[in-house]
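Scroll down for the structure; my scribbles are underneath it.
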Amino acid sequence: MGMLEITDLQRDYITEVLNISMGSAAAVLSEMVDEEVSLSVPEVDFLQRSVAANKFDQANAARMSGVTQAMTGALTGDALLMFPEEKTLSIVRILLGDTVPVESLTEMEQEAMCEIGNIILNSVVSSVADLLKKEIVSSLPRFIKGTGNELFSVETGDEDDLVMFLKVDFGLESQSINGYVTLMLNVDSLHDFISQLDEQISAA
Amino acid sequence: MLPDASHINRYGEAEIIASPADHLFGKVLDLSENGLFLVDSERKIILWNEWMVQASSLKREDVVGSAFVDVFPALKGRRVETVINAALDTRTASLLSRSLNKAIFPLYFSEIGGEQQRIEQSVTVKPIQSEGHDYCLVQITDVTPMVQREDVLRVLAKEAEEALQEAEEASRFKSEFTSTVSHELRTPLTSIRGSLGLIASGVMGTLKPEIGRLIAIACNNTERLLFLINDILDISKIESGKMDFVMGPVDLKVVLLQSIEANQAYGEQYEVKYHLNDVVDGTTVYADTDRLMQVLNNLLSNAAKFSPKGVEVDINVIRKDEMIRIEVRDYGSGIPEQFKSRIFEKFSQADGSDTRQVGGTGLGLNISKAIVEQMSGVIGFNVPEGQGTIFYIDICLFKET
């Protein structure tokens with residue numbers, strides 16, 4: 001248990017939809033920083049909250065940092081974009097170019113990371129809203145850091161809630177930086193999500 | 001800030017915005033420390049607070065009712081227009097950071113003396129729904145002081161980095177200087193020692209006893225000077241990272257027996273014998289043979305120096321998982337309490353008076369520590385029950401890969 005089984009077809013469809021929206025987020029970022037930025041989603045899973053938190057801590061003993069936005073409407077909960085802390089640092093400093101040689105992000109750099117997260121999370125959330133054919137309103141981004149478990153326990157929600165767990169590849173200056181996007185899904189919205197998915201697959 | 005708190009939902013979005021500026025809410029908005037304006041679904045600006053009036057030099061009556069792109073023609077097609085559209089069409093909230101969007105709106109503050117300076121901005125764009133209508137609230141925060149603070153921080157951090165580099169440079173120069181001087185000293189000293197040795201041995205003719213005594217003193221002190229110079233050379237090599245290590249499998253028993261043999265004569269001066277307890281044959285450690293010998297020689301000679309006459313020095317080898325511990329135990333008077341914390345520091349000896357009595361440069365343990373650490377090992381000491389001190393080094397077992 002701890003994982004929702006979806007068919008290969010369903011998985012391929014979601015992955016494709018997400019990759020298209022990531023592509024447009026990357027285009028926005030590229031234009032802003034005048035540099036080639038690529039974003040892709042190689043993996044999509046639906047996991048129980050505790051399983052997702054463990055998966056984080058196993059994969060990343062180090063602390064994570066990133067951006068969170070609260071969602072209301074068709075989905076209620078938090079959307080998170082996370083990277084190992086030092087990766088967040090390099091993403092921001094590569095994108096900004098002008099660096100402050102200190103070990104953690106300055107306030108202005110955190111704000112820049114918030115904007116990067118905002119662009120990525122908005123594109124993920126809007127593609128999920130499109131799939132659901134419902135509205136999801138998200139709050140402004142907030143910078144966060146902590147271990148996987150800490151970041152997940154910040155979220156409120158039922159133990160049965162599932163997390164849509166995306167691996168994200170952030171391509172920058174010939175580096176590939178691995179991060180994660182997670183969206184909380186309550187069980188009802190998940191069923192909606194799957195049935196809308198099937199409808200669109202059969203229409204395609 | 002925003003109007004009546006009861007109309008603000010948990011995400012800080014106002015549900016209702018007062019329209020006429022003469023309303024109380026309008027006055028509140030005019031007192032805001034942030035720039036605020038509201039765009040309706042037709043992309044017209046319907047609210048323009050006092051902060052915006054001041055910073056843009058655009059009067060409220062000229063702005064309210066005009067299309068956003070007519071007020072800011074230069075922003076047509078730019079990201080800020082895109083996110084305003086997204087807020088109105090898909091209720092998406094966006095942040096435009098100062099760092100990734102330099103000075104989004106043409107806003108200025110006047111400095112004393114009348115000069116105008118562009119305001120550094122952080123901009124948020126939030127959707128608002130009220131009575132079935134969609135609006136978009138744009139808030140501008142002046143982050144100029146924060147930007148200035150970080151500019152100062154950037155300069156300070158760069159200065160600190162440069163200072164560190166200069167200090168490292170100076171330290172490298174010092175090490176190189178020490179190394180060169182030591183080399184230059186060693187050459188003439190070697191020939192002095194050679195000559196004195198020949199005279200002392202009597203090949204130049206028999207010496208009068210009083211001359212013989214003086215020559216012996218000269219010989220001993222030349223010897224000590226050479227040891228000191230060699231140690232200083234080692235220290236400068238370690239400090240400049242130029243001490244080379246050839247790491248590989250080393251047969252521990254062979255190295256221990258060689259070290260003991262090399263120190264035998266030295267031990268006899270103090271009437272001390274070395275006793276090696278059982279070592280498993282074929283125990284192989286991962287080390288540099290010569291450097292490991294240097295550390296063992298240092299520990300063995302120290303043990304002899306601080307042992308009472310006629311007592312043995314014990315050498316034990318203990319296996320601890322993937323590590324090997326080599327212990328050298330003497331039965332001397334132990335390390336004085338106040339000296340324990342700085343025993344591995346340079347030029348440290350228990351006290352000045354001891355130096356003359358037992359000899360040595362006070363550099364040996366410092367060098368040994370650096371060598372052992374370079375070989376991924378640990379050096380330390382224990383105070384065993386009864387008399388004496390145990391110095392130990394832990395080094396890695398050799399593993400076939």
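All figures in this text were calculated on a predicted structure; none of them were measured in a lab. Every chain is numbered from 1 and lettered A, B, ... according to where its sequence line falls, protein lines coming before strand lines.
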Check each of B/Ile128, B/Asn49, B/Val64 against B/Leu38 using the side chain to side chain contact (heavy atoms under 4.5 Å, CB included) test, and report the only one that passes.
B/Ile128
Interchain contact, A/Glu107 with chain B, by part (heavy-atom threshold 4.5 Å)
both
Check this for me: does any side-chain nitrogen of one of A/Lys134 and A/Asp192 sit under 4.0 Å from a carboxylate oxygen of the other?
yes
B/Arg98 versus chain A, heavy atoms under 4.5 Å apart: side chain, backbone, both or neither?
both
Contacting moiety of B/Leu156, where chain A heavy atoms sit under 4.5 Å:
neither
Would you check if the distance from the ring center of A/Phe46 to the ring center of A/Phe165 is below 6.0 Å?
no
With chain A, which of B/Thr124, B/Val83, B/Leu95 has the greatest number of heavy-atom pairs at distances under 4.5 Å?
B/Leu95
Are A/Lys167 and A/Asp45 within salt-bridge range, i.e. N to O under 4.0 Å?
no
A/Leu29 versus chain B, the contacting section by heavy-atom distance below 4.5 Å:
neither
Between A/Ile136, A/Ile116, A/Ile119, A/Val125, who has the most heavy-atom pairs with chain B when the cutoff is under 4.5 Å?
A/Ile119
Hey, is B/Asp89 close enough to B/Arg43 for a salt bridge, meaning N to O under 4.0 Å?
yes
Measure distances from A/Val28 to the heavy atoms of chain B and classify the residue's part below 4.5 Å as side chain, backbone, both or neither.
side chain
Per-residue tally against chain A (heavy atom, under 4.5 Å) across B/Asn101, B/Val125, B/Val143 peaks at B/Asn101
Once you round to the nearest 0.5 Å, how far does CH2 of B/Trp51 lie from CG of B/Leu36?
9.0 Å
